Amino acid sequence: MLEPKFIRTNPDAVRQGMINQKSDTIHLDDFLSADESWRKALIEVDKLKALRNDVSEKISQMKRAKEDASAEIERMREVSEQIKVLDAEVKVFEDKMQSALLMIPNMPDSSVPVGFNDEGNIVVKTWGEPKEFDFQPLPHWDLAAKLGMIDFERGAKITGSGFILYTKWGAKLERSLINWMLDLHTSKHGYTEVFTPILANRNSMTGTGQIPKLEFDMYRLPEDDLFLIPTAETTLTNIYSQEILDSSDLPIYFTAYSPCFRREAGAAGKDTRGLLRVHEFNKVEMVKYVHPEKSWDELESLTENAEDVLEGLGLAYRRLTLDTGDISFASAKTYDLEIWAPGVGKWLEVSSCSNCTDFQARRAGIRFRREQGAKPEFVHTLNGSGVALPRLVVAIMENYQQPDGSIIVPEVIRSYMGTDVIR
RNA sequence: GGAGAGGUGGCUGAGUGGUCGAAAGCGGCGGUCUCGAAAACCGUUGUGGCGCUUGCGUCACCGUGGGUUCGAAUCCCACCCUCUCCGCCA
C-alpha cells in the first residue's frame, strides 16, 4: 500500500496513477474523506484520554492517602463514556481508511508507458530468432498425445479441466526442468533455495496484495480461511513479514519451486487449449528483498536471471515493458518475458518480473535498519518467475520437435532427463 | 482430535488492579580508565499514530480481538501460536 501521508499530501498524483491503471478512484475518495474524519475524531479522543490518564493518577494518589476520590471517579465515569463513543467512531473511520487503502494500487514508475490493457506494452529486447521449420510443426497437444507425455482427459477426470496429468517423459521433463532451474538460480545467480507451504493465510495474502482485490480468483478453504497460493511470491515475500532486518542481511535472494493455483473465473474457451492456460501449474519463483536505492538495478538483474533460463534452453524470447494498464496491482514496473511457440504460432508469457518497491513491504511490515539505532525503513521487494513450467514445456516440445514426431532434449537438461531424445 | 503448561522489549526473565512503557541480567551504543584491548565503573538503548514543530507535547502498543473497571501487562470471554503427554498418521 501507499503511505497514508503521501496520499494525503499528493492526492492528485495518486489519482492520476490510478486512472492510468484503470483503477476505480472511488477508493481514493473514500480514503481521503475517512482520513479527514478520522484525524478529527482522533485528536478529540486523545485529549480525553490525556485527561483520564491525568485524573487516574490523581485518584490513585488520593486512594493511597486514604482520601475520598468519589467525585473524581464520578467525573471520569462520564469521560470514559465519551471515550468509548469516540473510540468506536475512530475505529469506524480507521476501518474505512484501511479498506480503501488496501484497494489503492502501487504507483507506476515514471518510466512505465501509459496505456490501456496491453496496447502500450513495448518490446524492449529480443533474443534469438523464431525457429523456421521445413515441415509443418505440430502443436504440443498433438506431440504429447503421440509421445504419451500428457493425459489431458484423465487429468480432467481426476480433478477437472485445466488440471494436468503428466505421464512418462512428460512427468520427467517437468521434474527435470524444475531441478535444473533451481540449480541454475542457486549455483549461478546466488539465490537461496527454500520450499514454502502451498497454503497461506489471509494475512499473508493481504501482505502481498492478492487480497482484497483478487480473493475470488484464488482457490480457498473457507473452513480454515486458507488459500492455495497463486504463486510462491506470496509465501516467499511473507517470510520476513512483520520483521526488522539488519542492513547487512540485504540483499536477500530466495528461489523456490511451488505448484500455483488459479481459478481465473471464465477462463475456458479460446487460447486455453492444451497447456496454454491451466488452473494448476508448476513454477520456479525468485523473490528479492533489497535496499530501496538498489531496487531498479535489482529488477534488471532479476529479469536477466529469468532470461538466462530461456537462453540456456535455446528458446527465442522477447522482453516487454508492461504499460500502466497491464501492470499488476502491487508493481511499480514489470517486464514480461515471452517465448515463441511455433506449433501454436504464438508468443507465450513465461515470466513476469516486477519491482514492487515498498508497496508490499509496507503492507506486510518488512523493514530494515541501516545501522544500529537508525529508524527502521521499508525494504523493496521484487519477484519474478524463473520460469513458469507449462508454457516452457510447450515451447520446448514445439521448438525441438522433429519430422518423425520425436523431441530433441535441450542439452542443459539431458543429464536430468537421462536421454537425448523423447520418442 | 483429547489433556496440561505457556506467549512480556534484540535475548533471558520479573511483574496478578493504580507512581508500569514495564524490574533485573545479557547484548548493543557512548564515555571514564588504558599505549591499545579486556575487566570494572558511569550513561544510554523499543515501535507506531496524531498535533504543533524539527524539538517538544500527546495517544496507543506486554500473542490477536472483544469485555469488566474511574483506572488493565495484571480480572473475564473468544480466537491464534508454541511446548509436553496421549490418540491418529505419510
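Small disclaimer: the values here were computed from a predicted structure and weren't measured. Numbered from 1 within each chain, the chains take letters A, B, ... in sequence-line order.
Remark: the separation of the P atoms in rG71(B) and rC80(B) is 30 Å, to the nearest Å. Annotation: rA39(B) and rC81(B) have their P atoms spaced 43 Å apart (nearest Å). For the C1' atom pair drawn from rC41(B) and rG57(B), the interatomic distance equals 35 Å after rounding to whole Å. Nucleotides rG4(B) and rC89(B) place their C1' atoms 23 Å apart, quoted to the nearest Å. If you take atom P in rU44(B) and the same atom in rC62(B), they sit 25 Å apart, rounded to whole Å. As rounded to the nearest Å, rU64(B) and rG55(B) have C1' atoms that lie 35 Å from one another. Going from the P atom of rG6(B) to that of rU58(B) covers 38 Å, rounded to whole Å. Taking the C1' atom of each, rG18(B) and rU74(B) are spaced 11 Å apart, rounded to whole Å.
Nearest to the side chain of A50(A), among rC50(B), rU68(B), rC59(B), sits rC59(B). With distances taken from any side-chain atom of M76(A) to the nucleotides rA60(B), rC70(B), rU47(B), the minimum falls on rC70(B). Taking the side chain of K375(A) as heavy atoms from C-beta on, and the options rU58(B), rG48(B), rC70(B), the nearest nucleotide is rG48(B). Out of rC70(B), rA60(B), rC50(B), the shortest distance to the side chain of N53(A) is found at rA60(B). Considering only side-chain atoms of S80(A), the nucleotide from rG48(B), rC70(B), rC50(B) that sits closest is rC70(B). Side-chain proximity of R52(A) to the nucleotides rG51(B), rC70(B), rG48(B) is greatest for rC70(B). With rC50(B), rG18(B), rA60(B) as the candidates, the nucleotide lying closest to the side chain of W38(A) is rC50(B).
The residue K63(A) sits close to a base: some heavy atom pair falls under 4.0 Å. As judged by a 4.0 angstrom heavy-atom cut-off over every strand, K84(A) is placed among residues touching the sugar-phosphate backbone only.
Nucleotides of RNA chain B nearest to E74(A) and I244(A) differ in position, and the one nearer the 5' end is that of I244(A). Comparing E72(A) and E3(A), the nucleotide of RNA chain B nearest to each residue sits closer to the 5' end for E3(A).
In a base pair of the Watson-Crick type (N1 to N3 plus N6-O4 or O6-N4) or a G-U wobble (N1-O2 and O6-N3), with each distance short of 3.5 Å, rC88(B) is matched with no nucleotide.
Taking atom CD1 on I43(A) and atom P on rU53(B), their separation rounds to 13 Å, with Å as the unit. When the P atom of rA60(B) is taken as reference, atom CG of L42(A) falls 11 Å away, rounded to whole Å. Whole-Å rounding puts the E36(A) CD to rC50(B) C1' distance at 15 Å.
Judged by distance alone, the side chains of T334(A) and S331(A) do bring a donor and an acceptor atom under 3.5 Å apart. No side-chain N or O of N179(A) forms a donor-acceptor pair with one of S176(A) less than 3.5 Å apart.
At rU47(B), one or more side-chain N or O atoms of R369(A) fall inside 4.0 Å of OP1 or OP2 (strictly under the cut-off).
With salt bridges taken as basic N to acidic carboxylate O contacts below 4.0 Å, one links R39(A) and D35(A).
Both the sub-6.0 Å distance and the 45° axial angle are satisfied by K288(A) relative to the ring of Y253(A). Figure legend: R319(A) and Y335(A) shown as a cation-pi pair, the cationic atom lying under 6.0 angstrom from the six-membered ring centre and within 45 degrees of its axis.
Between the base of rG51(B) and the side chain of D46(A) there is no donor-acceptor pair shorter than 3.5 Å. Between the side chain of R64(A) and the base of rU19(B), a donor-acceptor pair under 3.5 Å is found.
Outside the 6.0 Å centre-distance limit, the rings of F254(A) and Y191(A) are not counted as a close aromatic pair.
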